[in-house]
Amino acid sequence: MIEKYNPMEIEAKWQKRWAESEIYHVDDNNPAPKWYALTMFPYTSGDLHIGHWYAMAPSDVYARFKRMQGYNVLHPIGFDAFGLPAENAAIKRGIYPKDWTMSNIENMRRQLKSLGAIYDWDREVITCLPEYYKWTQWFFLKLWQAGLAYRAKAPVNWCPNCQAVLANEQVVNGECWRCETPVIRRDLEQWFFRITKYADELMQHEGLDWPERIKMMQSNWVGRSEGTEISFALDYPDVEEKEIRIFTTRPDTVFGVTFMVLAPEHPLVQKLTTNERKAEVDKYIDKTRHCSEIERLSTERKKDGVFTGAYAINRLNGERVPIWIADYVLLSYGTGAVMAVPAHDERDFAFASKYQLPVKVVVAPPQWDGWLLQEAYVEPGVIVNSEKFNGIESRAAKTAISEYIEQQNWGKRVVSYKLRDWLVSRQRYWGAPIPAIYCDKCGIVPVPEKDLPVLLPDDAEFKPTGESPLKYNQSFVNTTCPCCGGVARRETDTMDTFMCSSWYFIRYTSPHFVQGAFDSELVKKWMPTDIYTGGAEHAVMHLFYSRFFVKALRDMGLVNFSEPFQRLFNQGTVTHDHQKMSKSKGNVVNPDKYVSELGADTVRAYLMFIGPWEQGGDWDDSGIYGLSRWLGRIWNLVLETYEESCYGVEGATASKELLRLTHQTIRRVTEDMDRLRFNTMISTLMEYSNYLGKVHETGSVQTVDYNEAICILLRLLAPTAPHFAEEVWSRLGCDYSIHNQRWPMWDSALAQDDEIPLVVQVNGKVRDKLMVPVNVTEAEAKKLALGSPKVQVFTTDKALLQVIYVPGKLVNLVVK
RNA sequence: GCCGAAGUGGCGGAAUGGCAGACGCGCUACGUUCAGGGCGUAGUACUCGAAAGGGUAUGAGAGUUCAAAUCUCUCCUUCGGCACCA
């Protein structure tokens with residue numbers, strides 16, 4: 001009687017053995033071709049939930065597969081450890097963010113180890129430790145030196161609850177993405193990175209194996225649009241500016257302008273507003289300040305605005321048009337001013353209708369005879385009411401009018417982007433301090449590289465005050481100027497955590513390097529990553545920032561590649577009760593319970609089996625026992641045969657079929673692995689093990705072939721159920737370790753079927769299936785099909801019109 | 001509102017123009033000296049039929065094709081992303 005499969009015992013045993021023998025240690029000098037399999041590192045929120053396992057387990061399976069294929073695989077792990085949750089949790093529990101974070105890491109590390117992954121823990125990176133953030137600060141200085149960092153006063157999103165500035169990306173439906181408090185706006189002096197410099201390049205994804213969906217989202221995020229900047233004349237004796245510049249993608253409609261709209265924050269508004277309109281304009285501006293940008297951009301809201309009392313001149317036709325303000329025009333996009341053409345823009349039409357502003361048609365709808373428009377006409381057409389441009393087709397008029405404007409020096413063709421520069425300042429404690437010093441004499445001075453890291457004091461009061469908590473930490477703030485040696489103050493803002501995660505994949509290549517952020521030779525060896533897997537929620541921000549970092553490094557001559565992530569794959573989300581898992585909803589599924597009951601191998605296999613990886617799904621554990629039983633069946637099958645020591649029959653005849661199925665299985669499993677189709681990969685292994693069970697029972701194959709098949713099954717199973725495979729492998733008396741074995745190769749000739757089922761259809765309906773030799777000729781196949789009695793029932797007394805033959809698949813008889 | 005993805009048994013899903021429902025869960029029956037979420041065998045879309053066998057079926061409707069879950073169009077539903085972008 002063999003022992004039962006006891007996952008708890010064997011998993012602990014092998015995890016210990018693997019660690020002691022350093023089997024997963026990654027050797028930079030290994031001459032095998034490299035494979036960098038990167039998984040998005042987890043945020044240190046406390047516990048890993050089943051969704052983390054959904055991200056980590058399949059990516060480990062894939063990395064193990066590549067490792068068995070002979071690659072020198074780097075599959076590292078680390079922790080994204082700075083950020084607001086640590087601070088909030090710390091405030092709530094009265095412990096330091098660092099203590100909270102590090103104890104979370106300890107727990108998560110334990111959970112991750114229970115997964116049985118090939119992580120080389122010697123390469124672990126933790127972004128909140130000085131040996132890491134020293135280099136995050138160094139990146140800040142490098143970007144500054146390269147002219148990519150600057151300070152600007154800008155309206156920012158302000159969460160009154162978190163007492164912190166939020167990036168636009170962190171505002172969800174006008175609310176703070178973490179605490180859901182409505183966000184208000186406030187002006188602060190901030191650090192920005194000039195990511196817009198790379199706008200065009202960031203839209204390019206040439207040569208990258210990425211999902212179309214993500215590429216599209218990134219391109220939309222950049223939001224490139226070609227248009228024309230046009231100057232409208234101002235004639236106000238007391239106003240210094242003599243023009244308003246607007247951006248439009250419809251220069252063909254410039255003769256149809258009947259009013260203009262400025263963003264309420266536009267600097268000209270204060271100068272232009274007439275005395276009698278001032279009260280109303282100021283009231284409107286105040287109202288705008290209380291709206292978040294998200295609210296302003298909501299389509300649900302009715303458009304409204306206020307007349308400033310001022311007018312501008314459309315230089316093209318000399319017409320005088322009123323200047324309005326409205327909150328749907330944003331200062332941050334284009335020039336913060338728009339020309340309004342109600343006849344040919346839906347939004348302008350709605351606005352004009354509300355305030356009874358004129359509508360002037362300049363692009364004629366088909367058969368237009370001067371009727372009043374009921375809605376904006378936005379399609380192309382023939383230009384009218386536009387003086388010398390009349391009669392031109394509107395698309396051609398875009399060029400013609402733009403050229404004319406350029407000749408007259410009234411404007412120029414420009415490219416505009418939705419993308420904005422990256423705001424990196426955070427008025428928070430738990431982040432990497434920004435390495436800048438303010439000196440009354442020398443101005444803003446970078447911290448010299450030799451003085452890095454600027455250490456985050458452990459003892460700071462991090463209570464929210466509306467300003468950086470570091471401001472009140474005298475020993476941190478007070479310093480001397482690196483230029484003049486005089487009294488100076490440190491920058492008290494910290495960096496956006498996206499800074500930390502924009503280069504962690506580079507640090508993994510040389511995590512202990514002390515002379516710099518990374519060892520160039522090792523970066524050259526490992527980067528770019530061959531595959532990057534993670535949630536689609538990082539489609540834009542994180543991936544965008546990382547790409548920006550790499551491009552900036554390249555332009556500084558520090559790396560020799562342009563893109564960090566060659567292949568990108570987004571796994572789906574695991575929900576629970578059809579909702580995203582979150583602590584606040586109380587629907588978090590902890591994998592520990594399943595691991596301690598059924599073992600990590602079963603949990604790994606189940607997560608991969610529930611469906612295509614990119615699809616995710618709702619967590620339902622009702623099927624998990626099926627996977628546990630499957631492993632148990634293989635256990636019994638393999639070890640029973642071992643005990644019996646004789647399991648085949650010499651001279652048995654079915655070995656050829658077994659061999660064929662074996663090679664078909666290797667092929668299917670390998671192909672599914674490469675496509676990351678783990679659900680069908682496991683089905684294939686199940687079919688194979690079921691077949692071996694049958695073969696074992698009937699004793700229909702030769703011992704040597706059966707033996708070989710079992711070894712192949714275990715190797716194909718090793719990435720999915722690493723502990724299980726290792727244990728069975730060792731019980732069979734094979735050498736440690738199965739994970740150092742080579743992935744089986746298939747032989748196409750051996751995988752080839754002798755006979756195939758030929759489907760015979762009559763008028764597209766299946767009427768018979770015939771087993772025919774694989775190399776059957778078209779003539780033979782047709783003859784066999786016509787000869788089938790089952791088919792003849794449907795063909796007698798009918799005229800045969802056509803015979804379709806699909807080689808190796810079917811014959812379709814078309815009769816009438 | 002726009003963009004994208006998806007909709008297949010009781011359930012998760014398989015099949016990417018060529019046998020619909022692989023594999024697994026659940027369920028049913030039988031067997032097993034079966035204490036246990038054990039093991040084994042058979043069955044399990046709907047429908048007509050005693051059976052052989054037939055018909056119907058991949059959200060709904062049309063179309064293309066010898067052939068459609070798969071391609072096209074319209075509509076419905078769900079999920080994800082974007083947010084007046086001038």
Side-chain angles (χ1 to χ4, degrees), chain A residues 4 173 211-214 216-217 220-221 223-225 227-228 246-250 253 260-261 293-303 326-330 332-341 344-348 350-351 416-419 536-537 539-540 570 572-573 575 578 597-598 605-606 609-612 614-618 620-630 632-633 636 677 679-690 693 697 757-769 790 793 801-806 808-815:
Chain A
K4 278 183 75 173
N173 295 326
E212 281 307 316
R213 204 174 86 241
I214 303 296
M216 201 183 299
M217 280 167 72
N220 290 343
W221 189 263
R224 179 192 161 96
S225 56
T228 308
I246 61 95
F247 173 76
T248 182
T249 53
R250 293 293 307 272
T253 64
M260 304 189 67
V261 187
E293 201 159 273
I294 300 294
E295 278 176 306
R296 286 172 63 174
L297 297 178
S298 164
T299 39
E300 306 301 313
R301 265 172 93 243
K302 284 218 172 107
K303 290 152 192 50
D327 64 8
Y328 70 83
V329 176
L330 302 178
S332 54
Y333 184 76
T335 58
V338 235
M339 66 177 207
V341 185
H344 307 295
D345 182 284
E346 285 166 23
R347 196 190 38 231
D348 295 343
F351 198 87
S416 192
Y417 300 93
K418 275 202 266 186
L419 182 72
E537 70 270 21
V540 184
N570 295 112
T573 314
T575 54
H578 301 282
E597 194 186 335
L598 300 164
Y606 181 60
F609 185 65
I610 52 176
E614 67 269 28
Q615 220 165 80
D618 198 50
D620 173 6
D621 64 12
S622 62
I624 197 169
Y625 298 98
L627 276 293
S628 172
R629 284 200 292 260
W630 174 55
R633 272 200 302 277
N636 293 336
R677 292 296 294 254
N679 56 331
T680 48
M681 182 271 286
I682 291 180
S683 312
T684 303
L685 286 177
M686 284 174 170
E687 285 178 67
Y688 189 56
S689 69
N690 289 347
E697 206 168 309
L758 182 75
V759 174
V760 186
Q761 299 180 328
V762 178
N763 290 342
K765 284 203 164 106
V766 179
R767 297 304 180 183
D768 201 4
K769 286 169 211 172
K790 285 185 188 171
V793 174
L801 301 179
Q802 202 183 349
V803 181
I804 309 280
Y805 176 64
V806 182
K809 277 186 181 158
L810 66 76
V811 175
N812 187 14
L813 308 172
V814 186
V815 298

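Note on naming: letters A, B, ... go to the chains in the order of the sequence lines (proteins, then strands), and numbering restarts at 1 for each one.
Mapping A:G611 and A:G336 onto RNA chain B via the closest heavy atom, the residue that lands nearer the 5' end is A:G611. Mapping A:P612 and A:M686 onto RNA chain B by nearest heavy atom places A:P612 closer to the 5' end of the strand.
A:K418 contributes no side-chain N or O that forms a donor-acceptor pair with the base of B:C85 under 3.5 Å.
A:V762 pairs with exactly one of A:N812, A:V814, A:V815 by the side chain to side chain contact (heavy atoms under 4.5 Å, CB included) rule, that one being A:V815.
Residue contacts for A:I610: at a heavy-atom cut-off of 4.0 Å it reaches the sugar-phosphate backbone alone, with no base atom in range. Heavy atoms of A:K809 sit under 4.0 angstrom from primed sugar atoms or phosphate atoms, though from no base atom. Contact annotation for A:N812: base contact, defined as any heavy-atom pair under 4.0 Å involving a base atom.
Partner assigned to B:C39 is B:G31, using Watson-Crick or G-U wobble distances below 3.5 angstrom. The partner of B:C46 is B:G55, by the rule that a Watson-Crick or G-U pair needs both atom distances under 3.5 Å. Using N1 to N3 plus N6-O4 or O6-N4 for Watson-Crick, or N1-O2 and O6-N3 for G-U wobble, each under 3.5 Å, B:C25 pairs with B:G10.
With its glycosidic angle within 90° of 0, B:G9 is assigned syn.
For the pair A:N679 and B:A14, the criterion of a side-chain N or O lying under 4.0 Å from OP1 or OP2 is met. Residue A:R347 places at least one side-chain N or O closer than 4.0 Å to OP1 or OP2 of B:C85. Side-chain nitrogen and oxygen atoms of A:Q615 include at least one within less than 4.0 Å of the OP1 or OP2 phosphate oxygen of B:G13. Between A:S416 and B:A86 there is no side-chain N or O to OP1 or OP2 distance below 4.0 Å. For A:R629 and B:C23, the shortest distance from a side-chain N or O to OP1 or OP2 is not below 4.0 Å. For the pair A:K765 and B:U56, the criterion of a side-chain N or O lying under 4.0 Å from OP1 or OP2 is met. OP1 or OP2 of B:A86 lies within a sub-4.0 Å distance of a side-chain N or O belonging to A:T249. Using a 4.0 Å cut-off, some side-chain N or O of A:R677 falls inside it from OP1 or OP2 of B:A15.
The shortest distance between side-chain heavy atoms of A:I804 and A:V811 does not fall below 4.5 Å. A:V261 is listed as a side-chain neighbour of A:Y328, based on a closest heavy-atom distance under 4.5 Å. Looking at heavy atoms from C-beta onward, A:Y606 lies out of side-chain contact with A:S628 at the 4.5 angstrom threshold.
Taking the P atoms as reference points, B:A42 lies 31 Å from B:A57, given to the whole Å.
Here A:F609 contributes atom CZ and A:I624 contributes atom CD1; the two are 12.5 Å apart, rounded to the nearest 0.5 Å.
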